[in-house]
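Here is how names work: the chains are called A, B, and so on, in the same order as the sequence lines, proteins then strands, and each is numbered from 1.
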Amino acid sequence: MATEIPQSRQNLDPQISLYYQTRAAHHAVVTNDWLAQAQAAVGHHPEDAVSENSSLKSAGGEESGNGFSVVNEFNNWRKQPDLAEAVAAIRALASVIRSSQATTMMELEIELKKASDSLKSWDTTSISLTAGCDLFMRYVTRTSALEYEDFNSAKSRLLERAERFGEISYKARKIIAMLSQDFIFDGCTILVHGFSRVVLEVLRTAAQNRKLFRVFCTEGRPDRTGLRLSNELAKLDVPVKLLIDSAVAYSMDEVDMVFVGADGVVESGGIINMMGTYQIALVAKSMNKPVYVAAESYKFARLYPLDQKDMVPALHPIDFGVPLPSKVEVEMSARDYTPPQYLTLLFTDLGILSPSVVSDELIQLYL
Amino acid sequence: MDARRVPRTVTDPKVRQVGFFAPVAPLDGSPSGPLRPTTPSPPVSGNSLSPVMIPLPRHLSSDNAPLSPLNAGGGDSFLPVGSYNPSEFSSPTATEDFSEDNFSKDTGWILNDNSGKIATSLTPGGADKAAVKQNTHSASGLTPGITDGGPPTEVQKEQAPVSSMPLKEKTTKAERRALQEAQRAAKASATAGGSKKSVAASAVVTSANANPKKVAKAPPQKKDSSSVAASEKRAGDRQTDKDRKKDVPHPRMQFDDEDRVEKAKKRSVVKQTEARNRVELFRHLPQYEHGTRLADLESKFFQLDPVHPAVYKVGLRFLSGDISGGNARCIAMLQAFQESIKDYSTRLEKTLIEKWDLPAKINGYVSFLIECRPLSISMGNAIRFLKTQIAELPLTMSESEAKASLLSDINRFINEKIILADKVIVRHAVTKIRDGDVLLTYGSSSVVEMIFLCAHELGKQFQVVIVDSRPKHEGKMLLRRLVGKGVSCTYTHINAISYIMHEVTRVFLGASSVLSNGTVYSRVGTASVAMVAHQFHVPVLVCCEAYKFHKRVQLDSICFNELGDPDAIARVSGKEDINYLDDWTSSENLQLLNLTYDATPSDYTSMIITEYGMIPPTSVPVIVQEYGGEHLWI
C-alpha cells in the first residue's frame with residue numbers, strides 16, 4: 001500500500017469533525033467493562049478493513065509502508081477507548097523510531113516529521129492530537145546529545161525519551177487524580193460538564209479514598225455524555241444529580257466547584273472544550289465559584305484564539321429528534337473557547353498551575 | 001496632584017498648598033498677614049514652580065553651632081528657630097551686612113521660619129541666589145560673590161531647603177531675563193575657561209539637595225564667579241525644594257535633584273535652558289526650552305571634537321524630530337556608532353587596556369544623544385548590547401579585527417533583532433486578520449504598518465481605522481502610506497475613539513517597550529485606546545520586537561516618561577487665529593504638559609506578538625529572562 005492515507009481513513013464527512021465522531025462512538029458504549037467486548041463493534045468501522053491488514057504486517061514494516069503503519073499503529077492504540085488519542089499518537093510515533101530503518105539522524109528526523117504530519121492530517125480538528133505530536137517532536141529532539149553520539153546510541157536515546165514521554169502521558173491521568181484530591185473536601189458539591197476521562201479518574205480516586213461528595217452532571221447535549229458519566233458515577237456509589245444544560249445557573253448556588261476536562265489548553269491559558277464549558281465558566285465566575293480544569297500536559301497547544309470564531313471549526317451533527325425545515329440553520333460547532341480569566345486553576349501532570357503558566361511552559365519547551 | 005506628594009525626608013519637608021489661595025506678597029518687607037505660622041506660605045506668584053517648603057524642624061537647626069552667633073548677631077532678626085516671625089522679612093536686608101562668612105549661615109538660618117521667603121541655597125550658588133534675591137529685594141542690584149563660607153554653607157544646606165519664592169515676586173521679567181543673560185554669559189565664559197565654577201554658576205537650584213560634599217566642592221570655585229547673578233534665576237527657576245535624597249542612588253537621573261543636575265551640566269555639550277512653568281508632578285523629568293538647542297548645536301557643528309560627526313548628525317536629527325519611532329531611532333543610532341567605530345583608532349599607548357578607550361567614547365556619544373533627546377528603551381537595550389560586545393572582545397585581538405568584529409555584531413543585531421524580527425511578527429500577525437475585519441491602530445508604528453501591507457498583499461479584505469492625536473499627528477503619515485498602497489482607511493482623532501470602537505473587530509498597537517509586569521509603554525494615547533477597546537470587548541494585539549522588552553516594572557505613566565515641547569500644545573498648526581495661549585509662560589497659574597509616552601496596564605492587552613510567537617502579557621518576564629541573555633552571546 002502506498003504511504004498515502006487510504007481514503008477510508010479520512011473523515012467520512014469533511015464537515016463533521018472526526019474527533020467528535022470518534023468520541024461519540026466511544027460514548028455510545030455504556031460502560032468501561034463493555035468496551036472490550038464492544039471493540040468489535042467499534043472495530044467494524046470501515047477503517048478496520050485496512051487495519052486488519054496492517055495488523056498482519058510486522059511492526060517493522062518496509063520503509064515504504066512506514067507512513068502507513070504509523071496511522072495503523074495509531075489506530076491500534078486508539079481502539080482502547082480508555083486511552084487518550086494523543087497518547088496513542090505518541091506511542092505510535094515512538095514505534096516509528098523503534099522500527100525505523102534510517103541510518104542518519106537527519107533521515108530519522110525526517111521520518112518522524114512525516115509520520116507526525118500524517119497523524120495530524122488524519123484529523124485536523126483534534127487539538128490534543130496536534131499538540132501531542134508537536135510536543136513529542138520537541139521533547140524527543142531536544143537533547144543535545146544527538147549531535148555527539150554515533151547514530152545507534154543517539155537513536156536509542158531518542159527512543160528512550162520517546163518511551164518516557166509515552167509513559168508520562170499515559171500516567172498523566174493518575175498523577176492529576178492524585179494532585180486534585182486535596183481540593184475535594186467532605187461534603188462538597190462538584191459540577192461536572194462533558195465526559196472527560198481525566199475528571200472521571202479524579203472522581204473515582206476520590207471515591208476510593210472514601211471522600212463524601214456529590215456530583216451535579218450536566219446532560220451535555222447533543223452527545224448526551226452526561227448520561228454516560230452519571231452512569232459511571234452511580235456505579236462508584238457517588239450521589240449524582242443530572243441537570244439539563246439550562247439548569248446550570250439555577251443550581252450554581254449549591255455548587256462548590258466546577259470540574260471540567262479540556263480538549264486542548266491554549267497559549268493564553270484558556271481551554272478549548274465541549275460546547276457549554278464557556279457558559280458554565282461564566283456563570284461560575286459571576287457567582288464566585290472556582291473552575292478547575294484537569295488537563296494533561298501534552299494538551300498544551302500553540303494556539304491563541306482571540307474569540308470564539310478564531311479556531312478551526314469542528315462540527316458535529318445534532319439530532320433534534322424532529323425533522324427541521326431546510327431553511328433553518330443549526331449551530332453545529334462542537335466546542336468553545338473559555339478565556340483564562342474565567343479559570344481558577346489547571347490540574348496537570350506538571351503540577352497545579354495557574355493559567356498564565358501555560359505560556360511559560362511552552363516558551364521554555366520551544367526554546 | 002500636589003496632594004499626592006509626600007514629604008520624603010525629615011530634613012526636607014515640603015508642603016504644597018492645595019486649593020485656591022490668594023497669592024501673597026511677602027516680599028515687600030513687611031510681615032504679611034496672610035502668612036500664617038502653621039501653614040506653608042503660598043507659592044510665590046512670580047514663580048509657578050516650586051512650592052514653598054516647610055521650614056526645618058527646630059531640632060535640626062539647633063544642631064548647628066554656627067547658628068548661635070547668628071542668633072546673637074541677628075539683632076532685630078533674631079528668631080527662635082522654626083517659628084514664624086514677621087520681622088524676618090526685614091532680615092534679608094540685614095543679612096547683607098553680615099560678613100561673607102556669616103552670610104550663608106544667616107540665610108540658612110533665616111530659612112528656618114515659616115515664611116519660607118528666602119531660599120537658602122546651601123550651595124554657594126544658592127548663597128548667591130539668596131544674595132541676589134535679597135538684592136533684588138532691596139533693589140540694590142546684583143552683588144557679586146557672596147560665596148564662600150564653605151563649611152557654613154554646608155551647614156546651611158542641611159538646614160534650609162527653602163525656596164526663594166517670596167523673593168521672586170519682586171523680580172520682574174526684565175530682571176529675570178537680565179539674570180539669564182548674565183548667567184549664560186557666565187556659563188559661556190566658564191565653558192571657555194573650563195573651570196568648574198561655571199557649573200556652580202549655572203547651578204539651577206541652590207538648595208537643599210546638594211550633598212554637603214558637593215557643596216564643599218562648589219564653594220571654592222564659586223568665590224570668584226561673577227556669575228552670581230546668573231546663578232539662580234533661570235527661567236522657571238527650579239527651586240531647591242524637592243527631594244533631598246542625598247545618598248540614595250538614582251537609577252535614572254532625577255531632574256529635581258540639584259547636585260546631579262549640576263554635575264550633568266558640567267559635562268553637557270548641549271547648552272540648554274530649563275523650561276519655564278514646569279508641572280509639579282513631573283519635575284523629576286528633564287524639560288528644556290525647545291528651539292534654543294538646535295540653532296546652537298548647528299552652529300557648533302565643526303567645533304565639537306568629543307562627538308563624532310555621524311553621531312552629531314544623528315543627534316541633531318533626533319532633536320529636530322526628523323527621526324522618530326523606536327526602531328528608526330535605534331537603527332540610526334547604531335549606524336552612527338558603526339561610523340564612529342570605523343573611524344576610531346586607538347591611542348598610542350602600549351597595552352590594549354589603555355589605548356582602547358572606545359567604551360569611554362561611546363559613553364560620551366550616548367550622553368550627547370541623551371542631551372538631544374532622552375533615549376528610548378530600545379536604544380538603551382541596544383547600547384547595553386554594544387557595550388557588552390566591546391567588553392567581551394579578547395585582549396589579544398588586533399585593532400582592525402576588533403573593529404570588524406564590532407561592526408559585524410552591530411549588523412547582526414540590526415538584522416536579527418529588528419529586521420528579521422519584524423518579518424516574523426508580521427507572519428504571526430497576519431494569521432489573526434480575517435476577511436471582513438475592521439482593524440484599528442493608533443499613531444504610526446512601523447511594525448503595524450508592515451502587518452497591514454502584508455495582509456493586503458495576501459489578498460485579505462479588511463478595513464483600517466487610523467486614530468490620531470495632537471500634537472504630533474503621526475497617523476497622517478501612516479494614512480498616506482497605506483492609502484498609497486490601496487488599503488481602505490478611515491482616519492479619525494482620539495476624541496472619537498468610543499464612537500468608532502463598536503465597529504472595530506481588532507486593535508493593533510505598536511509599543512516603545514513592554515515591561516516585565518506586562519505593562520505596555522507606548523505613545524501617549526495608547527492607554528486610552530486600549531481601555532476603550534477592552535470595554536467594548538475588542539481584542540488588543542500589541543506588536544513589539546523582543547529587544548524592546550525591559551525588566552523594569554512601571555505602575556503609572558508618571559515616574560518615567562519624556563516631556564515634549566509644551567509650545568507644541570499651545571499652537572495649532574494651520575490655524576493661526578487660535579492664539580489664546582501665545583503668552584502662556586507669563587501666566588503663573590498655567591502650566592502646559594506635553595507627555596510623550598504612557599503606560600497601558602496588562603489587563604487591557606489581549607496578546608503580545610513578538611518574534612518568539614504570540615504570548616500573553618504575563619509571559620513577558622519569561623522572555624526577558626530566557627532570551628534577554630541572548631544579548632550577551634548573540
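A/Asp360 approaches B/Thr618 most closely through the heavy-atom pair OD1-O, 4.4 Å.
Atom CD of B/Gln535 has 12 or fewer neighbouring heavy atoms from other residues, nucleotides or ligands inside a 6.0 Å radius. Within a 6.0 Å radius of CD in A/Glu361, other residues, nucleotides and ligands contribute more than 12 heavy atoms.
Side-chain contact check for A/Tyr304 versus B/Ser606: every heavy-atom pair is 4.5 Å or farther apart. By the 4.5 Å heavy-atom criterion applied to side chains, A/Asp307 and B/Thr505 are not counted as neighbours. Side-chain atoms of B/Val622 and A/Ser359, non-hydrogen and from C-beta on, never get closer than 4.5 Å to each other. For the pair A/Leu303/B/Met614, no side-chain contact is recorded, criterion being any heavy-atom separation below 4.5 Å from C-beta on.
Of the atoms belonging to A/Pro305, it is backbone heavy atoms, and not side-chain ones, that fall under 4.5 Å from chain B.
Applying the salt bridge (charged side-chain N to carboxylate O under 4.0 Å, His left out) criterion to B/Lys423, with sequence neighbours excluded, gives no partner residue.
Using non-hydrogen atoms only and a strict 4.5 Å limit, the part of residues 425-441 of chain B facing chain A consists of B/Lys432, B/Arg434.
Interface remark: of the candidates A/Ser356, A/Gly269, A/Pro340, A/Ser356 forms the most heavy-atom pairs closer than 4.5 Å to chain B.
We find the CD1-CD1 distance between B/Ile623 and A/Ile363 to be 4.0 Å, quoted to the nearest 0.5 Å.
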